2 protein chains.
Amino acid sequence: MSTVDNAPRTESPRSKRAVIIATAIDRFGEEGFEHTKWATIADDVGIGQTALYHYFESKVHCLLTIMRLELSNSVERFKAATSAADDPAAALTAAVASAYEASPRDALQRRILQNHMDLLATKRPSKKEEEERLLCRSLVQEIEHNWTGLVQKGIDDGTFRVDDALLSARMLLALVVGVWRWYRPGGEMTLEQITEVMAEAAARLVDSAEVPARA
Amino acid sequence: MSTVDNAPRTESPRSKRAVIIATAIDRFGEEGFEHTKWATIADDVGIGQTALYHYFESKVHCLLTIMRLELSNSVERFKAATSAADDPAAALTAAVASAYEASPRDALQRRILQNHMDLLATKRPSKKEEEERLLCRSLVQEIEHNWTGLVQKGIDDGTFRVDDALLSARMLLALVVGVWRWYRPGGEMTLEQITEVMAEAAARLVDSAEVPARA
DNA sequence: GAAGCAAACTGAGACGAATTCAGTTTAGAT
DNA sequence: ATCTAAACTGAATTCGTCTCAGTTTGCTTC
């Protein structure tokens with residue numbers, strides 16, 4: 001669940017990269033990316049504005065990095081969660097649950113990811129931004145691919161009664177990530193409750209023969 | 001389906017507002033809002049850059065207007081589609097179908113809406129922007145409310161076997177609008193195909209006793 | 001414990017896109 | 001022909017991002 005890792009394979013101990021990313025997640029997530037001034041983040045961290053450029057090529061580069069880390073975590077969570085499951089219905093439930101293992105900051109990070117997906121569509125001018133963008137894209141593809149694989153297994157063994165695995169995977173993803181639009185920590189529903197309800201909804205969506213066990 | 005109307009209740013015949021909006025939808029939708037230079041739109045329309053400020057207070061004001069128009073159309077489409085239906089299952093199918101009545105430009109407009117929903121979360125500095133933002137928010141609420149009402153009817157008469165009408169409505173909305181993330185005119189699936197598949201998926205999501213008739 | 005070195009950092013200013021300002025032009029009504 | 005409001009313009013301003021040309025810091029090696 002570590003939100004942070006990156007770049008120089010061995011991070012210098014006095015590096016502020018992790019702090020910057022954490023601060024940026026809070027600000028971007030709370031107030032929005034455009035609305036947040038890059039300088040504010042420098043102030044929060046306690047460094048000069050230009051010091052940020054020691055760690056990131058640009059504000060967008062920082063955003064893309066945050067998105068890439070989230071996507072990468074998402075892939076890992078999915079793998080960890082589904083590898084244990086032995087049938088497609090259980091795997092689906094586990095996959096959905098893995099999407100909602102989130103600290104408050106993780107929730108912000110996922111909201112940021114959702115809100116800026118469109119950035120991944122068009123080419124970036126600078127080297128590192130483009131690099132992160134392409135990484136993000138392939139991670140997105142990997143996620144779609146993994147979910148598609150899960151659905152396909154269910155179709156093959158007759159558990160899921162839908163036709164198109166890829167399309168169903170996209171529907172499931174839309175359903176699952178849509179939550180970050182309205183979820184707020186301390187809101188009406190806890191993540192535990194959301195997990196349960198969403199797992200059931202996901203099962204219905206793929207017309208699963210097996211409905212997940214109530215918590 | 002008219003994409004355009006607005007402001008001065010009686011639009012002057014030489015006003016270029018409609019052209020500006022149409023151009024902005026194309027550009028914002030195709031290349032992204034941040035990536036599109038305000039000046040480019042002026043060039044496309046064939047006016048000086050500053051003439052844009054005769055129509056919109058800012059670039060964001062234009063974006064918010066585009067979003068508000070789309071939300072407003074969406075409300076109308078929903079009403080028109082569902083008023084004809086006589087049972088909740090049919091209403092759901094009609095509501096889903098109404099979401100995919102879209103010209104290529106409408107598709108772009110809906111993508112823009114999805115990609116910039118986060119703008120609605122935080123206060124805007126200028127008068128007109130804030131006005132449009134609040135309009136957008138209440139339209140979003142209205143849409144959620146309308147879908148919730150539809151689901152509630154289905155729950156009440158036993159057609160839909162889910163508990164929480166609001167939550168289910170949000171799930172349906174996430175499912176339905178998620179399509180604009182990947183849909184492209186001339187892509188693998190036509191809107192007709194999407195409509196059918198989504199209507200079925202929506203029915204499953206609310207555990208509908210009645211499955212929509214195949215086209 | 002001084003020299004060397006790379007990472008971390010800084011202030012001053014350049015840059016670019018959005019926006020403001022101070023008007024001018026245009027089309028239609030009187 | 002005159003008047004008016006909408007439509008428009010070029011020049012100048014603003015503001016946030018980012019570049020540049022260095023300086024400081026802390027660790028390593030001799």
Side-chain angles (χ1 to χ4, degrees), chain A residues 4-24 27-28 31-66 116 119 122 124-130 132, chain B residues 4-24 27-28 31-66 116 119 122 124-130 132:
Chain A
V4 174
D5 81 44
N6 203 20
R9 266 300 137 231
T10 330
E11 189 74 38
S12 149
R14 57 187 164 130
S15 167
K16 296 218 176 71
R17 169 176 287 263
V19 192
I20 293 169
I21 289 180
T23 308
R27 290 284 186 175
F28 294 168
E31 304 168 13
F33 175 74
E34 293 75 17
H35 193 258
T36 306
K37 288 181 200 84
W38 207 202
T40 310
I41 291 174
D43 291 349
D44 285 358
V45 174
I47 56 179
Q49 311 184 11
T50 49
L52 291 174
Y53 293 90
H54 182 70
Y55 298 99
F56 298 101
E57 204 171 50
S58 68
K59 193 184 168 193
V60 170
H61 179 218
C62 176
L63 174 63
L64 286 167
T65 302
I66 289 171
H116 297 280
L119 259 184
T122 51
R124 290 268 102 208
S126 89
K127 192 82 180 257
K128 288 189 181 170
E129 287 181 19
E130 181 63 5
E132 289 289 5
Chain B
V4 175
D5 82 45
N6 201 22
R9 266 300 137 233
T10 330
E11 188 75 38
S12 148
R14 59 188 163 128
S15 166
K16 296 219 177 70
R17 171 179 229 100
V19 191
I20 293 169
I21 290 180
T23 309
R27 289 284 185 175
F28 293 169
E31 303 166 14
F33 175 73
E34 292 76 17
H35 193 259
T36 305
K37 288 180 200 81
W38 206 203
T40 310
I41 290 174
D43 291 348
D44 285 358
V45 174
I47 57 180
Q49 312 183 13
T50 51
L52 291 173
Y53 292 89
H54 183 69
Y55 299 99
F56 298 102
E57 205 172 47
S58 68
K59 193 184 166 192
V60 169
H61 179 219
C62 176
L63 173 63
L64 286 166
T65 303
I66 288 171
H116 298 279
L119 260 184
T122 52
R124 290 268 102 207
S126 90
K127 192 84 181 254
K128 289 190 181 170
E129 286 180 19
E130 182 62 4
E132 289 288 6

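The sequence lines fix the lettering, A, B, ..., with proteins before strands; numbering per chain opens at 1. Keep in mind that what you see is a predicted model, and the values were worked out from it rather than measured.
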* Asked: Expressed in angstrom and rounded to an integer, what is the separation of B/Glu11 atom CD from C/dA27 atom P?
  -> 17 Å
* Asked: Which of the following nucleotides, C/dT20, D/dT25, C/dT19, is nearest to the side chain of B/Ser58?
  -> C/dT19
* Asked: Out of curiosity, A/Leu119 CG to B/His35 NE2, how far, rounded to the nearest 0.5 Å?
  -> 10.0 Å
* To do: Please state how far atom CG in A/Asp43 lies from atom C1' in C/dT10, giving the value in whole angstrom units.
  => 14 Å
* Asked: Taking the side chain of B/Tyr55 as its heavy atoms from C-beta onward, which of C/dT10, C/dA18, D/dA7 lies nearest to it?
  -> D/dA7
* To do: Figure out the NE2/P separation between B/His54 and C/dA22, and round it to whole Å.
  => 18 Å
* Below 4.0 Å: OP1/OP2 of C/dA7 and any side-chain N or O of A/Ser15 -> no
* If you check the B/Thr50 side chain, which of D/dC18, C/dA18, D/dG10 turns out closest? -> D/dG10
* Asked: Closest nucleotide of DNA chain D for B/Leu52 versus for A/Glu57: which of these residues is on the 5' side?
  -> B/Leu52
* Closest to side chain of B/Gln49, choosing from D/dT9, C/dT19, C/dA27 -> C/dT19
* To do: Send over the distance from B/Ile47 CD1 to D/dT9 P, rounded to a whole Å.
  => 7 Å
* **Note, B/Glu31 side chain near B/Thr40 side chain (heavy atom, < 4.5 Å)** => no
* Asked: Just how far, in rounded Å, is P of C/dA18 from CZ of B/Phe56?
  -> 15 Å
* So which nucleotide from D/dT17, C/dA8, C/dA17 ends up closest to the side chain of B/Lys37? -> C/dA17
* Measure from the side chain of B/Lys59, starting at C-beta and using heavy atoms only, and say which of C/dA18, D/dT17, C/dA7 lies closest. => C/dA18
* **Side chain of B/Arg14 - closest among C/dA8, C/dA12, C/dA27** => C/dA27
* To do: Starting at atom OH of B/Tyr53, determine the distance to atom C1' of D/dG10, rounded to an integer number of angstrom.
  => 14 Å
* Among C/dA8, C/dT10, C/dT19, the one nearest A/Ala51 by side-chain distance -> C/dT10
* Roughly how far, to the nearest 0.5 Å, is OG1 of A/Thr65 from CZ of A/Phe56? -> 5.0 Å
* First locate atom NE2 of B/His116, then atom NE2 of A/His116, and finally report the distance between them rounded to the nearest 0.5 Å. => 9.0 Å
* Asked: Rounded to the nearest Å, what distance is computed from the CG atom of residue B/Leu63 to the C1' atom of nucleotide C/dA18?
  -> 15 Å
* Does the distance from a Lys or Arg side-chain N to an Asp or Glu carboxylate O, for B/Glu57 and B/Lys128, drop under 4.0 Å? -> no
